[in-house]
Amino acid sequence: VQLQAFGGGLVQAGGSLTLSCAASGGSFSRNGIGWFRQAPGKEREFVAYISWSGGTTDYADFVKGRFTISRDNARNTAYLQMLSLKPEDTAVYYCAAGPPHSGTSLAPYDIWGQGTLVTVSS
């Protein structure tokens, strides 16, 4: 399975974007999916997670109430809806696939997409 993240772009503070993570070369319906981000000069950090069935989600504190992760296994696609964006949300956003309940740590994720850049202007 390969993942491709897209949907990034330039948006003003307070705006919104929805990122997509499309899987190809197989199904990711049994994988947990995570979104992570990496800002310039910083380490990659956890943003959001959804279990294989969609029954469990988790978010980093700094995005709770603003971001929503979802998935459509029939379309082999996961999403990250981002509302009320802030300049500090500027980063390259990556989606990743791992075990069915992969959780919030980077370690379990073994399939990574190439990342999509989100830039939030003030």
I need the minimum non-hydrogen distance between [X] and [Y], along with the two atoms involved.
X: V47; Y: Y93; value: CG2-CE2, 4.3 Å
X: A91; Y: R37; value: CB-CB, 3.8 Å
X: A48; Y: L80; value: CB-CD1, 4.0 Å
X: S102; Y: Y109; value: OG-OH, 3.0 Å
X: S20; Y: T77; value: CB-CG2, 4.3 Å
X: A23; Y: V1; value: CB-CG1, 3.9 Å

Quiz item: Transitively linked via ILVMFWY side-chain contacts under 4.5 Å: V92 with F6?
Solution: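 As far as the 4.5 Å side-chain criterion goes, F6 and V92 are not connected within one cluster.
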Quiz prompt | Linked, directly or transitively: Y49 and W52 (ILVMFWY side chains, under 4.5 Å) | solution =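 No, no single cluster joins them.
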Self-check item: By ring-ring contact (aromatic ring centres under 6.0 Å, His included) - contacts of F28 (at least two apart)
Solution: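 F28 satisfies ring-ring contact (aromatic ring centres under 6.0 Å, His included) with no other residue.
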Exercise. Could you list the residues that satisfy ring-ring contact (aromatic ring centres under 6.0 Å, His included) with Y59, not counting sequence neighbours?
Key: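 For Y59 there are no ring-ring contact (aromatic ring centres under 6.0 Å, His included) partners, ignoring immediate neighbours.
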Practice problem: Applying side-chain contact (heavy atoms from CB on, under 4.5 Å), name anything that partners D72, two or more places apart in sequence or on another chain. | Solution: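 For D72 the side-chain contact (heavy atoms from CB on, under 4.5 Å) partners, ignoring immediate neighbours, are A74, R75, Y79.
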Quiz item: Of all residues at least two apart in sequence or in a different chain, which pass the side-chain contact (heavy atoms from CB on, under 4.5 Å) check with L85?
Solution: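 Only V11, L17, F67, M82, D89, V120 meet the side-chain contact (heavy atoms from CB on, under 4.5 Å) criterion with L85.
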Side chain [X], main chain [Y], donor-acceptor under 3.5 Å:
X: R71; Y: G54; result: no
X: N76; Y: G26; result: yes
X: N31; Y: G98; result: yes
X: Q114; Y: A5; result: yes
X: S53; Y: G55; result: yes

Quiz item: Can you list every pair that meets disulfide bond (SG atoms under 2.5 Å apart) and has a residue in residues 22-78, with sequence neighbours left out?
Solution: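 Qualifying pairs: none.
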Quiz item: Which pairs, with at least one residue in residues 74-122 and sequence neighbours excluded, count as a disulfide bond (SG atoms under 2.5 Å apart)?
Solution: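 The answer is C21-C95.
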Just how far is it from atom [atom1] of [X] to atom [atom2] of [Y], taken to the nearest 0.5 Å?
X: K86; Y: S122; atom1: NZ; atom2: OG; value: 14.0 Å
X: T119; Y: L10; atom1: OG1; atom2: CG; value: 6.0 Å
X: I69; Y: D58; atom1: CD1; atom2: CG; value: 9.5 Å

Practice problem: Indicate yes or no: at least one non-hydrogen side-chain atom of E88 is less than 4.5 angstrom from one of F62. | Solution: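 Result no, sub-4.5 Å side-chain heavy-atom pair not found.
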Quiz item: Less than 4.5 Å apart, any side-chain heavy atom of L3 and any of Y94?
Solution: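 Heavy-atom side-chain distance check fails, nothing below 4.5 Å.
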Quiz item: Angle class for the F36/W112 ring planes (parallel below 30°, perpendicular above 60°, tilted otherwise)?
Solution: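 Geometry flag for W112 against F36: tilted rings.
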